[in-house]
Protein chains: 2
Amino acid sequence: MINDDNIDIEEYTLIFKALAHPTRLTIAYNLMFKSECNVNRMSECLGISQPTVSQHLLILKNAKVLTSHRNGNQICYKVENPKVIKILKQLSE
Amino acid sequence: MINDDNIDIEEYTLIFKALAHPTRLTIAYNLMFKSECNVNRMSECLGISQPTVSQHLLILKNAKVLTSHRNGNQICYKVENPKVIKILKQLSE
DNA sequence: TATAAATATTCTAATATTCGAATATATTAA
DNA sequence: TTAATATATTCGAATATTAGAATATTTATA
């Protein structure tokens, strides 16, 4: 087996690591199909504390799975990375 | 955000967890495009001890990322899971 | 059967991840 | 400016992951 790096293993490892948790995969998957951005609502719907959700969101941001921007009082999280979008799309096809 | 489980979060979490390691992602990705099945060669090429490679292969098998069958003296590992194939294909497209 | 080759398992120390409690920061509105 | 709301950060205990050394198992062949 030859490890010819025609893909960026480290980059995808980071992405998969970010998606490799039920809470984070749920967040990312749902953000793909709904334009939801309220951290507190995520916290309520997932039944997980707000600080914990924020930590998961940070991991997703660091892996470039999510982007964020402030919208008034709230932070809006989105899936914009085309590599991530391609992966997440496969899950329901 | 509503968590309408139209995908199996646990199943994909397991898959992503398996792929979320540089060694395992390299193995899975390469097995997609080459029909390589020799554990010792993987060990040599990756520069990782054979027991460690075997442990990674077990994780990949448990996540149903890889299948295996004996071929004489050796064990042949393959990517056959269509869900995994769809995901891995996206990485180089 | 005995030996070699290929692969798997067990064990353990080092490191990483996970969660929520407590707290901090940032923004909006009174 | 103050209070309320939304989000982020820090910390520590519990748990999980990682790697390789040592060993075991399985198969092929002499």
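By convention in this document, chain letters (A, B, ...) are assigned in the order of the sequence lines, proteins followed by strands, and residues within each chain are numbered from 1.
Taking only side-chain nitrogens and oxygens, B:Tyr77 never comes nearer than 4.0 Å to OP1 or OP2 of C:dA6. Phosphate contact (OP1/OP2 of D:dG20, side-chain N/O of B:Thr52, threshold under 4.0 Å): present. The phosphate of D:dT26 (OP1 or OP2) has no side-chain N or O of B:Arg70 nearer than 4.0 angstrom. One finds no side-chain N or O of B:His56 lying less than 4.0 angstrom from the OP1 or OP2 phosphate oxygen of D:dT18. In terms of phosphate contacts, A:Arg24 brings a side-chain nitrogen or oxygen within less than 4.0 Å of OP1 or OP2 of C:dT18.
Contact of B:Gln50 with C:dA8 (side chain to base): a donor-acceptor pair of N or O atoms is detected under 3.5 Å. The base of C:dA5 has none of its N or O atoms less than 3.5 Å from a complementary donor or acceptor on the side chain of B:Gln74.
Rounded to whole angstrom, the span from the CG atom of A:Leu58 across to the C1' atom of C:dT25 amounts to 15 Å. In this structure, A:His21 atom NE2 and C:dA16 atom P are separated by 18 Å, rounded to whole Å. The separation between A:Lys17 atom NZ and C:dA16 atom P is 8 Å, rounded to whole Å. The separation between A:Gln55 atom CD and D:dC11 atom P is 12 Å, rounded to whole Å. Atom CD1 in A:Ile48 sits roughly 11 Å away from atom C1' in C:dG20 (whole-Å rounding). Between B:Asn38 atom CG and C:dT7 atom P the separation is 5 Å, expressed in whole Å. The nearest whole Å value for the distance from the CG atom in B:Asn62 to the P atom in D:dA16 is 15 Å. For the pair B:Asn71 CG and D:dT26 C1', the computed distance is 15 Å after rounding to whole Å.
Nearest-nucleotide positions on DNA chain C place B:Ile75 closer to the 5' end than the other of B:Ile75 and A:Asn73. Place A:Gly47 and A:Gly72 on DNA chain C by their nearest nucleotides, and A:Gly47 ends up nearer the 5' end.
Taken from CD1 in A:Ile59 to CG in A:Leu66, the straight-line distance is 11.0 Å, to the nearest 0.5 Å.
Checked against C:dT18, D:dT7, C:dG20, the side chain of A:Asn40 finds its nearest nucleotide in D:dT7. In this structure, the nucleotide among D:dT9, C:dC19, C:dA8 sitting nearest to the side chain of A:Ser54 is D:dT9.
No engagement by A:Lys61 is indicated, since no non-hydrogen atom pair under 4.0 Å with the nucleic acid exists.
Relative ring orientation between B:His56 and B:His21 is described as tilted, the plane-to-plane angle lying within the 30° to 60° band.
Residues A:Gln50 and A:Asn40 have side chains in contact (heavy-atom distance under 4.5 Å, counting atoms from C-beta outward). Side chains of B:Tyr12 and B:Ile87 form a contact here, defined as non-hydrogen atoms less than 4.5 Å apart.
With A:Leu60 as reference, A:Val65 is the one residue of A:Ile15, A:Val65, A:Leu25 to meet the side-chain contact (heavy atoms from CB on, under 4.5 Å) rule.
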